[in-house]
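Naming convention: chains lettered A, B, ... in sequence-line order (proteins, then strands); numbering from 1 in each chain. Just so you know, these numbers use all the heavy atoms, side chains as well, and skip hydrogens, waters and symmetry mates.
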There are 2 protein chains.
Amino acid sequence: MKVEKISELTVNRLSVYLRCLNEMRARGDETVSSQALADRYNLNSAQIRKDLAYFGEFGVRGLGYNIDELRAHITKILGLDSPHRIGVVGAGNLGTALANYDGFSPQNFVVVGLFDSDPSKIGKRLPNGVAVSDIANFSLIAEQQKIDIAAIAVPARAAESVLDTILEAGVQAILNFAPLRLKGPPGVKIKHVDLLVSLEALSYFLAGPESAAPDAVLASEMDEAF
Amino acid sequence: MKVEKISELTVNRLSVYLRCLNEMRARGDETVSSQALADRYNLNSAQIRKDLAYFGEFGVRGLGYNIDELRAHITKILGLDSPHRIGVVGAGNLGTALANYDGFSPQNFVVVGLFDSDPSKIGKRLPNGVAVSDIANFSLIAEQQKIDIAAIAVPARAAESVLDTILEAGVQAILNFAPLRLKGPPGVKIKHVDLLVSLEALSYFLAGPESAAPDAVLASEMDEAF
DNA sequence: AATTGTGAATTCCTTCACAGCC
DNA sequence: GGCTGTGAAGGAATTCACAATT
């Protein structure tokens with residue numbers, strides 16, 4: 001494994017590849033070439049090979065990649081072999097939806113706490129058993145529950161103060177849904193999921209003279225983020 | 001206004017600038033320099049100037065930009081001066097949260113329809129008055145309600161078929177939350193909001209030898225997304 | 001004096017194209 | 001023959017640095 005700096009874009013694509021491989025595996029395929037992957041999912045085969053080659057030689061020349069093996073490698077690279085425990089701050093529509101969402105568990109993510117400052121919400125329990133805790137206890141519960149990722153799902157005006165609370169608790173990975181640019185200290189990673197940015201890009205496309213960019217692939221977070 | 005092709009990244013940033021300007025305006029500032037904007041929000045001043053200069057000369061040398069004026073320009077550029085009407089497909093946790101979300105309206109986005117195929121959900125009404133309609137009627141309602149943006153908030157296995165429905169109805173701008181890469185025809189814009197990609201990038205960061213990339217700015221989108 | 005708008009320089013990312021291997 | 005891994009080429013995006021402007 002090389003010590004070269006890996007770009008965020010490469011990391012995001014690994015995540016996409018993993019999803020594609022899961023799908024192919026579910027269909028019963030056991031082996032795949034970068035070309036076949038690229039064709040099926042509108043990717044570039046050289047890019048797939050290059051992305052993977054940063055981390056090792058996972059393929060066999062002439063044959064391609066063994067799907068199960070490659071899935072295991074990417075899972076390891078992305079740190080998905082050990083579970084991640086998420087604390088969601090903000091028990092509004094979005095926060096509650098996140099805490100209820102069942103699409104995380106297959107990838108070893110689990111929501112273990114939901115936090116709010118509203119007394120009328122604190123103490124309530126979601127269908128899946130997650131209870132709403134007082135944000136004042138975030139630090140305590142984060143430690144008890146070994147929360148390593150925090151999601152900020154509060155209105156923009158509350159986001160800065162929530163960020164401070166999260167940082168004080170020592171959580172270093174943050175997913176921010178509030179529509180503003182939060183800045184963390186070095187050593188802390190903040191990923192922004194900004195729905196307004198995405199919607200406004202769609203609006204730009206619709207408003208465009210004839211059409212801003214008629215390509216349908218690539219992402220937010222890739223951009224982005226997406 | 002130039003006819004050069006504008007990159008998606010530039011468009012995403014315009015959206016961010018708009019949010020920053022709104023915040024500064026709310027504080028009472030009337031004028032701002034690219035340097036001041038950059039300092040406050042961890043951006044690059046040359047990039048701000050370049051992004052804006054694609055669309056016109058909005059600043060005054062020696063003085064900077066008038067905030068209200070610039071907000072109006074960006075609003076116009078992004079097509080936010082006329083309202084956008086969103087149809088959300090999938091009345092699960094996420095879809096319902098989106099339809100209830102009140103952060104869209106300030107930017108001229110309004111959710112006018114929520115769709116599902118589950119008979120037990122059809123006919124129900126959200127607190128804000130949005131009713132759940134049968135996805136079978138999507139095309140009809142999309143036309144009646146002048147839906148111009150569709151959001152896909154269904155499980156991955158249902159996403160392709162929902163996409164077909166949306167395309168048949170003639171909607172050309174789509175926000176996809178399902179964790180798979182959808183491909184649309186030319187002339188249709190699909191933006192992906194992939195929470196698993198974002199979470200997995202955080203996981204990679206946490207797993208990293210010492211830390212993958214200790215910069216806290218940029219997006220998913222932005223890409224990525226935001 | 002301050003700040004924009006922009007060509008030039010730089011850095012980063014993607015794609016090509018092929019040597020090397022199975 | 002088919003496919004990977006990768007150096008080299010090409011293309012894009014960012015940042016620098018300064019002439020132009022108020």
Side-chain angles (χ1 to χ4, degrees), chain A residues 1-2 4-14 16-17 21 29-67 69-70 73-74 212-213 215 217-219 221-226, chain B residues 1-2 4-14 16-17 29-67 69-70 73 212-213 215 217-219 221-226:
Chain A
M1 192 183 291
K2 301 176 185 169
E4 198 174 337
K5 183 168 158 269
I6 305 299
S7 97
E8 182 98 22
L9 295 169
T10 293
V11 175
N12 290 344
R13 280 191 300 263
L14 288 180
V16 171
Y17 301 156
L21 291 169
D29 299 357
E30 300 200 341
T31 222
V32 70
S33 71
S34 60
Q35 189 58 60
L37 249 190
D39 288 348
R40 167 174 272 283
Y41 296 103
N42 293 99
L43 307 166
N44 178 292
S45 66
Q47 187 161 69
I48 295 173
R49 294 198 298 279
K50 196 148 258 210
D51 284 338
L52 296 174
Y54 287 125
F55 300 94
E57 307 207 353
F58 304 139
V60 180
R61 289 166 199 237
L63 292 176
Y65 301 88
N66 175 286
I67 292 182
E69 228 176 76
L70 189 51
H73 279 300
I74 298 179
D215 65 319
V217 184
L218 254 203
E221 60 330 79
M222 283 215 188
D223 288 45
E224 246 173 90
F226 167 294
Chain B
M1 191 185 293
K2 301 174 186 170
E4 198 173 337
K5 183 169 158 267
I6 304 300
S7 97
E8 182 97 23
L9 295 169
T10 294
V11 175
N12 290 173
R13 280 192 299 263
L14 287 180
V16 171
Y17 301 156
D29 299 357
E30 300 201 341
T31 224
V32 70
S33 71
S34 60
Q35 188 58 59
L37 249 190
D39 289 348
R40 166 176 273 281
Y41 297 102
N42 294 97
L43 307 166
N44 177 293
S45 67
Q47 186 161 71
I48 295 173
R49 295 198 298 279
K50 197 151 257 206
D51 285 338
L52 296 174
Y54 287 125
F55 299 93
E57 306 207 352
F58 304 140
V60 180
R61 290 168 198 233
L63 290 177
Y65 301 88
N66 176 287
I67 292 182
E69 229 177 75
L70 189 51
H73 279 301
D215 65 319
V217 184
L218 252 203
E221 139 251 82
M222 278 215 191
D223 231 69
E224 221 333 220
F226 185 251

Euclidean distance, atom [atom1] of residue [X] to atom [atom2] of [N] [Å, nearest integer]:
X     : N      : atom1 : atom2 : result
B/Q35 : C/dT4  : CD    : P     : 8 Å
B/L14 : D/dA13 : CG    : P     : 14 Å
A/L52 : D/dC3  : CG    : P     : 16 Å
B/F58 : C/dT6  : CZ    : P     : 12 Å
B/D51 : C/dG5  : CG    : P     : 12 Å
A/L37 : D/dG5  : CG    : P     : 13 Å
A/L9  : D/dA13 : CG    : C1'   : 11 Å
A/Q47 : D/dT4  : CD    : P     : 15 Å

Residue B/V60, side-chain heavy atoms: nucleotide from C/dT6, C/dT14, D/dT22 that is nearest: D/dT22
Atom of [X], atom of [Y] and distance for their closest heavy-atom approach:
X     : Y     : result
B/N44 : B/A38 : C-CB, 4.0 Å
A/I74 : A/L14 : CG2-O, 3.7 Å
A/Y17 : A/L43 : CE2-CD1, 3.9 Å
A/I67 : A/L21 : CG2-O, 3.8 Å

Does anything in residues 29-43 of chain A form a salt bridge (charged side-chain N to carboxylate O under 4.0 Å, His left out)? List the pairs, not counting sequence neighbours.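 Those involving residues 29-43 of chain A do not exist here.
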Check whether B/T31 reaches the backbone of B/Y65 with its side chain - one donor and one acceptor, N or O, closer than 3.5 Å. yes
A/S7: partners by side-chain contact (heavy atoms from CB on, under 4.5 Å), with sequence neighbours left out: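 Once residues adjacent in sequence are excluded, the partners of A/S7 under the side-chain contact (heavy atoms from CB on, under 4.5 Å) criterion are A/L9, A/T10.
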Would you indicate what A/S34 reaches in the nucleic acid, counting non-hydrogen atoms under 4.0 angstrom: base, sugar-phosphate, or nothing? sugar-phosphate
When we call it a touch if two heavy atoms are under 4.0 Å apart, what does B/S45 touch: a base, just sugar-phosphate, or nothing? nothing
Does a nitrogen or oxygen in the side chain of B/Y54 sit under 4.0 Å from OP1 or OP2 of D/dA13?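 Indeed not, no polar side-chain atom of B/Y54 lies that close.
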Using OP1 and OP2 only, check whether a side-chain N or O of A/Y65 sits under 4.0 Å from D/dG5.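 Answer is yes, contact under 4.0 Å.
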All N/O contacts under 3.5 Å from nucleotides 16-20 of chain C to the protein, with atom names and distances to one decimal?
unit_1: C/dA17; atom_1: N6; unit_2: A/R49; atom_2: NH2; d: 3.2
unit_1: C/dG20; atom_1: N3; unit_2: A/R61; atom_2: NH1; d: 3.2

Which residue, A/L63 or A/S7, contacts DNA chain C at a nucleotide closer to its 5' end, judged by nearest heavy atom? A/S7
